[in-house]
Structures are given as C-alpha cells and as structure tokens.
Amino acid sequence: MTRSFLKDAATMASAPLIIQAMSFLLVPVIARLYTPIHFGEFGVFIAAFSTILTLATLDYANAIMVCRTDQEKSVLTGLSFSICAIGMGILVFLYCINLIAKMMPHNLLPWQWLCFGLFLYGSHGVYNTLRYRCLNLALFSAIAGSSIAQFLSNNFVVLIWPLFFAASAYGLIIGSLFGIFVQCCFLAGFLLFYVKPPLVSFNLNQMKDAAKRHRDFPFFSVPSNFISRVSIDAPIIILAIFFDQELVGYYLMTLRLLNMPLSLLSSSIGEVFFSRDSKLPDGDLPLLFRIYLILCFIGIFPLLTISYFGEEIVIFLLGNQWALSGFLIKYLIFLTILKFIFTPVHFVAVRLRLQKWTFIANLLLALSQLGGMIYGGYFGNLELGLIVGTVLGGAFWICYSLSIFSLAGITVHQTLKIIGLETILSVLMLLGFSVINSYFNGIILFAMVIGFSLIFYIARFVVSRELRNLCLDGYRHLFPN
C-alpha cells in the first residue's frame, strides 16, 4: 500500500473521525431537544425526496472520474448543472398542476414541500458534481473540509432552533438544507482557486457528445442508484403508512447510531480507492485486498458489539425515551456489516463497467427490503418485517459482492476466509462480554467493554503480520525520519 494512498486516506478519514467524535457528543443533546416524532417527520421529508435526488445529474457527475481532459470535465460539469436545472423546473411544474400535494405525505404544506424540495434537489446536484471534480483532481482536503463545514453548520442550526422557536421537524429540515448549502460553497471555493478557467462549459454540441459518450451512466447507474435509494427510503414511508411517524423516528435513530461510527470512514476510504483504482487500466488488486482486510478488521467486531449492547448503549446515551431504537439495532446489523465491509464493490463495478450487475443487485436488495417491510406491516409485526428484509437483502448483497470481487481477482475462498475469521473472533469476545454483563452494568460495564476491546485489537495487531505492515507503512509516512 503506497504512502500516497495512506496520506490521501488519512486526509479523507480525518473529517469522518472529527465528525463522529463531535456526533458522539451532540447526538445525546439533540435527542433530548427533539422527540422521536420530530425525527419521524424529518425522516419522511428526506425519504420522500431522496429517491428523486438520484436523478439530479443523471449520474453524469460520476462520469467526471473517467475523463482524461480538462475540457471534457468542464463540459460534463455544465451538463450536470443543466440536467439539475431541468429537474428543478419539472418540480415546479408538478407543483403548478397540484401533483406535489397529491404525491407527498401531508406533514408539510405543498408550498413547503416545493421550497424545501427545490433547495434540496438543486444543492444535491451541485454538491455531487463538485465532489467528483474534487475527487478527480485528488483534492481530498477540500472534500474533508466540506464535510466538517456541513456537519458544523447543520448542527448549529439544529441546536439553536429551539432557543428561538418551538422544537419541531422544521429545525431538523432547515439545518440539513443549510448544511449542504455551506458544503457546496466550500467545494466551489476550492475549485475556483485550483481549476483553470473554465470550470464549467455549457457548449450545447459538446454536451450532446459527452451525453452520448457516457450514456452508460444514466442508462444503468441511475436506475441502480434510484433502486438503492428506494431500498433505504421506502421502508421509512412504509413505516409511516402501516405504523406511525414516531416509529419512523426510532427507526432513523437506529440507522444513525449504526452508521455513526463507520459510514463516513468507509465512504472516505472508498472514494480514495476509486480515485486511484480508476486511473489504472486493470485496477489495483493488492490495494483492493488490503482495503477489504482493513474494513473487516475495523467493522465486524465493533458493529457486533453495538448490536449486543444496543439497548444499554441507547438508554445510556439518549435516555429512556429512545430505548426502542436500541432494540431495533439487532435486526439491522447483518446488512449494515455487509454494506460496510464490501464498500469498494461499487467502485470496482464502475471501473469494470458492470453497472448492469449493480443495478440488478440493488433491485433485488430493494425488493427484499420492501417486501419484508410490507410483510411486517401487513401482520403488524415490525420485527418480522425487518428480519425478512435484512436476511434476504443480505443474501443478495453478499452474492453480488463475491461475484464482483472474483472478477477483480479476489477469490470467494479468500473473501469468506477473512469474514469467517473476524466473525469467529468477534463472537468469542461477545461471549466474554456476556459473562461481564451478568456481573456489571452502567459505566463500569462500558469501561470494561472498551478496555477489553482495546486489548482485543492490540492482540490482533501483534498476531497479524498483514495488519502490522499496514500500520508500519502509515507510521513511516507520518514520521519519515
């Protein structure tokens, strides 16, 4: 693993680590300012719009990563912005013919759906385009800084909103919109400084040529991304239909707690990998294997531990009113682990031009989760729906991931061997924690779990030569003398 990769990965990972540390401090405060109902109403708004956000640039922004000339990058930037503007115009048209009022849930007024939705849609399209420009130029510090700026501005609004207005979903929605606006401004400032003019080109003929040349992205990546979002957002809408928005709030907090420790870290590593891997005709197999090893090492044990102590952790951090969120963790952990450890799969599929495979995998994942939630909603049993959706979705996802890894050069045996080893060691540790749990509780229990977890990782470092080499490479980069 090259020192330059370690440097870029460390730069990208610095923002998630800072954000997660601050999240750990802020989530307990925010959870006491806002109720599960407020989070549920906010979640319904985001879920209702998130699926159409995948259409914001028709994924032409992603095509910037495979461009070789500055002119083509500028043309694709202009094409992405133009498509985003057309989409905003369509939203206004839907409002004018009263379709927004009929299509969207009724927790907001139609004009509020339009205003908030237009801002979210436009900001998302601009952000995605600028982010891929920065990735292509290896401006990882800009992306890391923008993530921190987004987090700070978002939570600033969320925290001060109850000081001037009654705590409500509006504080969460406006905070989210303000955060992504600040993020766009941050990236735009970096690009204006680093990129030689023109940053954007709206030459109609060149945009037509670029659209034809990269048509695989809208034809396959967009449906795949759309279905992937459906698999995430549709359960929220179904929960609101079959149950209530308060349960949506519990469900969203569960996802937030599961994703908080690792999701931004995995996306940062994945984006740096994609930036490197996409520049090599045959990819970087040793780098892919080492990233997979690292993700298994840092992901499986912590997530299983969070699952085991879910209710205790949530009650300790957020209070008794959020206990149901801790209970739901165990039903979502399987798919969460698989998505985390197979983070590079999406980027490898793009490099191999296997968008069709990703589309099919996301379709099966979405159908399994939708079917599970509808099944559970029909019988009035949320736990049953989560089990069915998670097990079926996880089975489809692991088959897809194993197939992509095999095509990239990592055998099924190698992949499953690493997962099996990490899982066995993690389960043995959890058996030890179960003994501790029968004698201790509260702060003493958490202190002992953290202490034994550190011992576990130190022991793994001592035993595994591969992990030692990775850490030593990082040390030599940080301290070259």
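All of these numbers come straight from a predicted model, not from anything done at the bench.
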Phe219 atom CZ, neighbour heavy-atom count above 12 within 6.0 Å: no
Has Ser401 got a side-chain atom pairing as donor or acceptor with Ile398's backbone, closer than 3.5 angstrom? no
For residues Phe379 and Tyr375, establish whether the separation of their ring centroids is below 6.0 Å. yes
So CG of Leu430 and OG1 of Thr423: to nearest 0.5 Å the spacing works out to 10.5 Å
For the OG1 atom of Thr254 and the CZ atom of Arg256, what is their distance to the nearest 0.5 Å? 12.0 Å
Take Phe151 and Leu26, measure what side-chain contact (heavy atoms from CB on, under 4.5 Å) needs, and give me the verdict at the end. CA-CA 11 Å; Phe151 175 85; Leu26 290 178; 3.8 Å; yes
Using a distance-only test with no angle check, is there a side-chain donor-acceptor pair under 3.5 angstrom linking Tyr170 and Gln112? yes
Would a distance-only check, ignoring hydrogens and angles, find a side-chain to backbone donor-acceptor pair under 3.5 Å from Ser176 to Leu172? no
Does any part of the side chain of Gln150, heavy atoms only, come nearer than 4.5 Å to the side chain of Ser146, both counted from C-beta? no
Taking all heavy atoms of Cys84 and all of Gly125, pick out the closest pair and write down the distance. SG-CA, 3.9 Å
Without placing hydrogens or testing angles, list every side-chain donor-acceptor pair under 3.5 Å for residues 297-321, not counting sequence neighbours.
unit_1	atom_1	unit_2	atom_2	d
Thr305	OG1	Phe301	O	2.8
Gln321	NE2	Ala31	O	3.1

Any chance you could measure Ile329, atom CD1, to Leu332, atom CG, to the nearest 0.5 Å? 8.5 Å
Could you go through Phe342 and Tyr292, starting from their C-alpha distance and side-chain angles, then the distance that decides it, and tell me whether this counts as ring pair (Phe, Tyr, Trp, His ring centres under 6.0 Å)? CA-CA 7 Å; Phe342 289 118; Tyr292 171 65; 5.7 Å; yes
Measuring only between side-chain heavy atoms, which start at C-beta, is Asn225 closer than 4.5 Å to Leu55? no
Check: Pro36 and Met253 side chains under 4.5 Å, non-hydrogen atoms: no
Fit a plane to each ring of Phe181 and Phe119, take the angle between them on a 0 to 90° scale, and name the class: parallel (under 30°), tilted (30 to 60°) or perpendicular (over 60°). tilted
Say you draw a straight line from SG of Cys134 to CZ of Phe186; how long is it, rounded to the nearest 0.5 Å? 9.5 Å
Are Tyr331 and Thr390 close enough, and set up right, to give a side-chain contact (heavy atoms from CB on, under 4.5 Å), and what steps lead you there? CA-CA 7 Å; Tyr331 297 106; Thr390 299; 5.5 Å; no
Quick check, are the ring centers of Tyr250 and Phe39 under 6.0 angstrom apart? no
Which heavy atom of Val44 sits nearest to which heavy atom of Ala240, and what is that distance? CG2-CB, 4.1 Å
Using a cut-off of 6.0 Å, state whether more than 12 heavy atoms not belonging to Arg32 lie near its atom CZ. yes
Taking the side chain as C-beta and beyond, is there a heavy-atom pair between Pro344 and Leu295 under 4.5 Å? yes
Taking the side chain as everything from C-beta on, heavy atoms only, tell me whether Gln369 gets closer than 4.5 Å to Leu335. yes
Are any of the side-chain heavy atoms of Leu247 and Tyr251 separated by less than 4.5 Å? no
Non-hydrogen side-chain atoms of Leu392 and Trp397 separated by less than 4.5 Å: no
Spacing of Phe178 atom CZ and Leu152 atom CG [to the nearest 0.5 Å]: 11.0 Å
Heavy-atom distance under 4.5 Å between the side chains of Ile143 and Leu139, does that happen here? no
Evaluate the ring pair (Phe, Tyr, Trp, His ring centres under 6.0 Å) criterion for residues Phe49 and Phe45: first the C-alpha distance (whole Å), next the side-chain angles of each, then the deciding distance (0.1 Å), finally the verdict. CA-CA 7 Å; Phe49 266 106; Phe45 165 76; 5.7 Å; yes
Between Gly171 and Val158, which heavy-atom pair has the shortest distance, and what is it? O-CG2, 3.8 Å
Verify the distance criterion only: is there a donor paired with an acceptor across the side chains of Thr411 and Gln414 at less than 3.5 Å? yes
Counting distance only, does the side-chain N/O of His38 pair as donor-acceptor with the main-chain N or O of Thr35 below 3.5 Å? yes
Would you say CZ of Phe156 has more than 12 non-hydrogen atoms from neighbouring residues, nucleotides or ligands within 6.0 angstrom? no
Please confirm whether the ring centroid of Phe42 lies under 6.0 Å from the ring centroid of Tyr34. no
Verify, without hydrogens or angle tests, whether Asn136 (side chain) and Ile64 (backbone) share a donor-acceptor contact under 3.5 angstrom. yes
Go through the steps for Leu328 and Leu382 under the test side-chain contact (heavy atoms from CB on, under 4.5 Å), then give the verdict. CA-CA 9 Å; Leu328 295 176; Leu382 175 61; 3.9 Å; yes
Minimal heavy-atom distance between His124 and Leu53, with the atoms involved, is CD2-O, 3.3 Å
Partners meeting side chain to side chain donor-acceptor pair (under 3.5 Å) with Ser406 (sequence neighbours left out): none
In this structure, CG of Leu386 is separated from CG of Leu239 (nearest 0.5 Å) by 7.5 Å
When Val222 is tested against each of Thr57, Asn62, Leu58 for side-chain contact (heavy atoms from CB on, under 4.5 Å), which residue passes? Leu58
Worked check of side-chain contact (heavy atoms from CB on, under 4.5 Å) between Phe456 and Leu425: CA-CA 9 Å; Phe456 170 76; Leu425 293 174; 4.0 Å; yes
Between the side chain of Ser368 and the main-chain N/O of Leu365, is any donor-acceptor distance below 3.5 Å? yes
